[in-house]
A.B. asks: 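Before I ask anything, let me first share the structure, which is written out below as structure tokens.
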2 protein chains.
Amino acid sequence: MPTTRVTDIASTLRAAGLKVTAPRTAVLHALDSMSHVTADQIFAAVHPALPGTSLQAVYGVLGALTDAAIIRRIEPAGSPARYERRVGDNHHHLVCTGCGLVADVDCAVGHAPCLTPSNTEGFVATSAEIIFWGRCTSCASSSNEPPEENRV
Amino acid sequence: MPTTRVTDIASTLRAAGLKVTAPRTAVLHALDSMSHVTADQIFAAVHPALPGTSLQAVYGVLGALTDAAIIRRIEPAGSPARYERRVGDNHHHLVCTGCGLVADVDCAVGHAPCLTPSNTEGFVATSAEIIFWGRCTSCASSSNEPPEENRV
DNA sequence: GTGGCATCTTGAATCACTCAAAACAACTAT
DNA sequence: ATAGTTGTTTTGAGTGATTCAAGATGCCAC
């Protein structure tokens, strides 16, 4: 469970062998209150408190944190990459075809049942990624049809 | 099973209410011999026979065919969109993290077992998309580690 | 054969992201 | 505490994939 305390953020970074910097702390802090957000949204959240921070720095931070498995990157079709702090469990995502909202889903049956194609065609599969496409509450009620290919 | 005969391609298009044009026929024909290919690759395949065809036309054709559910678009993270002619069944994909190769996988357990989050958080899920990440035969044997983040 | 409208061509623009060089700042060792 | 080393960030530019727009073309219905 991620926490909001700066000290913990610092030790998380250090544990991964990463230097503790203001942009990194700010990005991780922002990801505690937002989830499934884009680099732009994170930048917008971080910028007021840390006006010197550049968008490229945010990209760099997100890349480093993703490589270190501190955060997870998800890339639904038609959407810019989104990031979340929940890592290490096998959970999946619901994506609204109307507004692009993303929600978490725990794998319904514990450990991935149909998710073991193992050696098909010589492939060695190492992980499975599932995206459920549907409509979120407000999109489902507000309009029955998506307003003109309003994709993520 | 898609067929190669031009007549059948024409009737497929007409059945979807689409006009039968040279670019569309050529794209569908190309997709009979290639699968999981990018717009660029399709353009390259189509261009020699139909030199007047533009890349934008290929994008347009692919969009129209995708909307008409004649072809399927898959967008693995980090890869440009890929297209395949196999539609209407629930099959999924293996993507090689080394070279980007994509292979089909039939859902191992018939009808999507862990794939029914149904109404989580008010979401109404309509379809599930699975991507298995792994290494293809040649990438698995040629090198044990991916050569420097050689992502799709 | 002709008209109407979908489709294609041409050209430009956008979005999300990456690359590169130089300035800077964390951690390490003194 | 201080200086050095090296990883990060800043600034600025560039790229790939895709989309947008205006006008020309050509498919199909009549």
A.B. asks: Any non-hydrogen side-chain atom of Val61(B) less than 4.5 Å from a side-chain atom of Val46(B)?
C.D. replies: no

A.B. asks: For the residue pair Ile74(B) and His36(B), establish whether any side-chain heavy-atom pair is separated by less than 4.5 Å.
C.D. replies: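 Yes, close enough: below the 4.5 Å cut-off.
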
A.B. asks: Would you call Ile70(B) and Val87(B) a side-chain contact if the rule is heavy atoms closer than 4.5 Å?
C.D. replies: no

A.B. asks: Mind calculating the distance between CZ (Arg82(B)) and C1' (dA17(D)) to the nearest angstrom?
C.D. replies: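 In whole Å, dA17(D) C1' and Arg82(B) CZ are 13 Å from each other.
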
A.B. asks: Less than 4.5 Å apart, side chain to side chain, heavy atoms only: is that true for Ile42(A) and Leu31(A)?
C.D. replies: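 Touching, per the 4.5 Å side-chain cut-off.
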
A.B. asks: Using a cut-off of 4.0 Å between protein heavy atoms and nucleotide atoms, how would you tag nucleotides 25-30 of chain C 5' to 3' with B, S and -?
C.D. replies: -BS---

A.B. asks: Quick one: Phe43(A) CZ to dT11(D) P, roughly how many Å, whole number?
C.D. replies: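 The answer, rounded to whole Å, is 10 Å.
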
A.B. asks: Looking at side-chain heavy atoms only, is the closest gap between Thr126(B) and Thr97(A) below 4.5 Å?
C.D. replies: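 A side-chain contact under 4.5 Å is absent here.
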
A.B. asks: Starting from P on dA16(C), measure out to OH on Tyr83(A) and report it in whole angstrom.
C.D. replies: 12 Å

A.B. asks: dA16(C) C1' sits how many Å from Leu62(A) CG, rounded?
C.D. replies: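 Interatomic distance, CG of Leu62(A) to C1' of dA16(C): 13 Å.
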
A.B. asks: Which residues within residues 47-60 of chain A lie with some heavy atom under 4.0 Å of an atom in DNA chain D?
C.D. replies: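 Here the set is Gly52(A), Thr53(A), Ser54(A), Gln56(A), Ala57(A).
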
A.B. asks: Considering only heavy atoms from C-beta outward, does the side chain of Glu75(A) approach that of Glu75(B) to under 4.5 Å?
C.D. replies: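 No, their side chains stay 4.5 Å or more apart.
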
A.B. asks: Asp67(B) CG to dA6(C) P: how many Å, rounded?
C.D. replies: 15 Å

A.B. asks: Is there a side-chain contact between Val95(B) and Glu129(A) (heavy atoms, below 4.5 Å)?
C.D. replies: no

A.B. asks: Hey, does Leu65(A) have a side-chain heavy atom less than 4.5 Å from the side chain of Leu18(A)?
C.D. replies: yes

A.B. asks: Indicate the ring-plane relationship of His93(A) and His91(A), choosing parallel, tilted or perpendicular according to the 30° and 60° boundaries.
C.D. replies: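 Ring orientation of His93(A) relative to His91(A): perpendicular.
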
A.B. asks: DNA chain D: Ala81(B) or Val61(A), which has the more 5' nearest nucleotide?
C.D. replies: Val61(A)

A.B. asks: Find the distance Arg24(B):CZ to dC28(D):C1' and express it as a whole number of Å.
C.D. replies: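 Result: 13 Å.
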
A.B. asks: Is Ala64(A) touching bases, backbone alone, or none of the nucleic acid, heavy atoms closer than 4.0 Å?
C.D. replies: nothing

